[in-house]
Visitor: 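Below: one structure in C-alpha cells.
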Amino acid sequence: MNAKDKILEDAAAGRLGFAEAVAKLAASAGAVGELAEARIDHARRERCGFPEFVYGAGKSLDQLLAIVPEILGRTGSVLATRIPAEYGAALLEAFPAGEHDPLARTFRVRGPHKTAGRVLIVTAGSSDAGVAREALHTLEACGVGGELLNDVGVAGIERLFASLDKLRAADVCIVVAGMEGALPSVVGGLVRCPVVAVPTSVGYGAAFGGVAALLGMLNCCASGVTVVNIDNGFGAACAAARMIKHIR
C-alpha cells in the first residue's frame with residue numbers, strides 16, 4: 001500500500017481527521033516545500049491558475065535566498081515583490097538570470113511560460129509608475145500579457161481620449177491613480193471590459209497616504225469597477241489574471 005492509500009484508509013477508518021488527512025496528502029504529493037522558516041505552496045498554480053509568489057517585505061535576505069531557489073527549482077520561474085532596494089545586488093549575484101526592478105521593488109526570474117490575454121495598465125501620473133510596474137511583472141508571472149499606458153490622468157484628459165483604441169482593445173484595464181482617484185471612473189465609463197482600480201499613496205497631505213483615492217474609487221460612479229488596496233499593483237494583477245483565465 002502506498003503512502004496516499006494509507007492516508008485515505010486511515011481517514012476512512014477515523015484514525016485521521018479531515019484536516020490532518022488533507023495536510024498529509026499535500027505533503028506526500030510534494031505540494032508543500034518545507035523550509036526552516038517557510039512552507040512553500042507548490043500546488044497553488046494548479047488550484048488558482050497562478051504560482052506561489054514571494055512577499056519580500058519583512059523577510060531577511062537569508063530567508064529570500066532560501067525561498068527563491070525552492071520555487072525556482074520547481075517551476076523554472078519566480079517573482080518576489082516588495083524587495084528592499086539593498087537586496088537587489090545580492091539576489092542578482094545569487095541568481096544571474098534574474099531581473100531586479102528597483103522602481104517596482106520586484107525581483108523575478110522569467111520562465112518559459114507563454115502569455116495569453118491583454119491587460120492594459122493605465123496610470124494617472126508618472127509617480128504611479130512603481131505600482132504599475134509591479135502589476136506588469138505580476139501579470140507576466142501569471143502568464144498574462146500586459147502593457148503600460150502611462151501618465152493619462154484627468155488633469156489632461158485629452159491624453160486618455162487619444163488612446164481610446166488601446167483601452168477598448170483590452171481584455172481588462174488596471175487603472176492606477178493617486179490624488180483624488182478619479183481616473184477609474186472615467187475609464188469605467190469608456191470601456192466594456194472589467195476595470196480594476198488601484199489607489200496609490202501619491203498626493204499631498206489630505207490625500208492621507210492613498211485613503212482619499214481609495215474612498216473615491218469605492219464610491220466610483222461607473223458601475224462594476226473592482227477596487228484593491230492602496231499601492232497593491234500585485235493584487236490588481238492577480239485579480240485581472242483570474243478574470244482573463246476565466247474568460248479564456
Side-chain angles (χ1 to χ4, degrees), residues 53 79-83 85 88 99-108 110 115-204 207 209-214 216-218 220 222 225-241 243-244:
F53 299 104
L79 171 67
T81 65
R82 302 304 163 102
I83 294 297
E99 302 168 14
H100 175 228
D101 185 338
L103 183 60
R105 293 183 288 169
T106 59
F107 177 82
R108 65 180 298 203
R110 295 176 185 265
T115 58
R118 181 173 180 272
V119 177
L120 188 64
I121 305 165
V122 185
T123 70
S126 53
S127 296
D128 302 312
V131 174
R133 291 190 63 80
E134 180 184 62
L136 179 65
H137 295 316
T138 305
L139 285 170
E140 292 173 351
C142 289
V144 174
E147 180 183 354
L148 294 170
L149 177 61
N150 290 318
D151 198 19
V152 291
V154 297
I157 198 70
E158 72 282 356
R159 299 172 298 178
L160 182 69
F161 293 154
S163 299
L164 272 178
D165 288 347
K166 280 189 174 184
L167 288 166
R168 289 174 173 168
D171 295 313
V172 179
C173 287
I174 294 174
V175 185
V176 185
M179 303 290 187
E180 80 282 24
L183 187 59
S185 289
V186 179
V187 174
L190 293 173
V191 301
R192 294 185 178 187
C193 70
V195 175
V196 182
V198 189
T200 70
S201 51
V202 172
Y204 297 103
V211 174
L214 173 63
M217 292 175 185
L218 288 171
C220 179
V225 172
T226 297
V227 184
V228 299
N229 209 341
I230 298 167
D231 291 337
N232 192 7
F234 168 81
C238 288
M243 294 171 187
I244 292 287

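Counting from 1, the numbers follow the sequence of the chain as shown. Since this is a predicted model, take the numbers as computed values, not measurements.
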Visitor: Ignoring hydrogens and geometry, is there a side-chain-to-backbone donor-acceptor pair from Asp171 to Arg118 under 3.5 Å?
Guide: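 It does hold such a pair.
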Visitor: I'd like to know if Glu134 and Arg105 make a salt bridge, using a cut-off of under 4.0 Å between side-chain N and carboxylate O.
Guide: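 Here Glu134 does not pair with Arg105 in a salt bridge, since their nearest N and O are not under 4.0 Å apart.
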Visitor: Check whether any side-chain heavy atom of Val154 lies under 4.5 Å from a side-chain heavy atom of Leu160, and answer yes or no.
Guide: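 A side-chain contact is absent here, since even the closest heavy-atom pair is not under 4.5 Å.
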Visitor: Step by step, work out the side-chain contact (heavy atoms from CB on, under 4.5 Å) result for Val152 and Thr123.
Guide: CA-CA 6 Å; Val152 291; Thr123 70; 5.8 Å; no
Visitor: For the side chain of Asp231 and the backbone of Ser201, is there at least one donor-acceptor N/O pair under 3.5 Å apart?
Guide: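 It does hold such a pair.
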Visitor: Rounded at 0.5 Å granularity, tell me how far CE in Met217 sits from CD in Glu180.
Guide: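 Taking CE in Met217 and CD in Glu180, the distance rounds to 9.0 Å.
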Visitor: Is there a side-chain contact between Val225 and Ser185 in this structure, where contact means two heavy atoms from C-beta onward sitting under 4.5 Å apart?
Guide: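 They are not in side-chain contact.
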Visitor: Minimum heavy-atom separation for Pro184 and Ala177, please, with both atom names.
Guide: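 Minimum heavy-atom separation between Pro184 and Ala177: CD-CB, 4.5 Å.
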Visitor: Can you tell me how far OG1 of Thr138 sits from CD1 of Ile174, rounded to the nearest 0.5 angstrom?
Guide: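 So the CD1 of Ile174 and the OG1 of Thr138 are separated by 8.5 Å.
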Visitor: How about Arg168 and Leu190: do any of their side-chain heavy atoms sit closer than 4.5 Å?
Guide: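 SC-SC contact between Arg168 and Leu190 confirmed.
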Visitor: Please examine the side chains of Val122 and Val176, heavy atoms only from C-beta on, and report whether any two atoms are closer than 4.5 Å.
Guide: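 No, too far: nothing below the 4.5 Å cut-off.
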Visitor: State, to 0.1 Å, how close Val198 and Ala236 come at their nearest heavy-atom pair, and which atoms those are.
Guide: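 Answer, listing the atom of Val198 first, then Ala236: CG2-CB, 3.4 Å.
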Visitor: Taking all non-hydrogen atoms of both residues, which atom of Ala207 and which atom of Val202 are closest, and how far apart?
Guide: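 Between these two residues, the closest heavy atoms are CB-O, 4.2 Å.
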Visitor: Rounded at 0.5 Å granularity, tell me how far CZ in Phe53 sits from OG1 in Thr106.
Guide: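 Result: 11.5 Å between the selected atoms.
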Visitor: Are Val195 and Thr226 close enough, and set up right, to give a side-chain contact (heavy atoms from CB on, under 4.5 Å), and what steps lead you there?
Guide: CA-CA 6 Å; Val195 175; Thr226 297; over 6 Å; no
Visitor: Atom SG in Cys142, atom NE2 in His137: separation rounded to 0.5 Å?
Guide: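 Going from the SG atom of Cys142 to the NE2 atom of His137 covers 13.0 Å.
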Visitor: Check whether any side-chain heavy atom of Cys193 lies under 4.5 Å from a side-chain heavy atom of Cys173, and answer yes or no.
Guide: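 Answer yes - side chains close enough.
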Visitor: Would you say the side chain of Val196 lies within less than 4.5 Å of the side chain of Met243, judging by non-hydrogen atoms?
Guide: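 Result yes, sub-4.5 Å side-chain heavy-atom pair found.
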Visitor: In this structure, which one of Asp128, Leu149, Leu139, Val175 forms a side chain to side chain contact (heavy atoms under 4.5 Å, CB included) with Ile121?
Guide: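 Considering Asp128, Leu149, Leu139, Val175, a side chain to side chain contact (heavy atoms under 4.5 Å, CB included) with Ile121 is found only for Leu139.
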Visitor: Dump the intermediate steps for salt bridge (charged side-chain N to carboxylate O under 4.0 Å, His left out) on Arg133 and Asp101, then the final yes or no.
Guide: CA-CA 9 Å; Arg133 291 190 63 80; Asp101 185 338; 2.7 Å; yes
Visitor: For the atom pair CZ (Phe234) and CG (Leu79), what is the distance rounded to the nearest 0.5 Å?
Guide: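 Output value for this atom pair is 7.0 Å.
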Visitor: Side chains of Asp151 and Ser126: is there a donor and an acceptor less than 3.5 Å apart?
Guide: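 No, no side-chain donor-acceptor pair sits under 3.5 Å.
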Visitor: With distance as the sole test, does Arg108 use its side chain to make a donor-acceptor pair with the main-chain N or O of His100 at under 3.5 Å?
Guide: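 Judged by distance alone, no pair lies under 3.5 Å.
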Visitor: Between Pro199 and Asn229, which heavy-atom pair has the shortest distance, and what is it?
Guide: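 It is CD-O, 3.8 Å.
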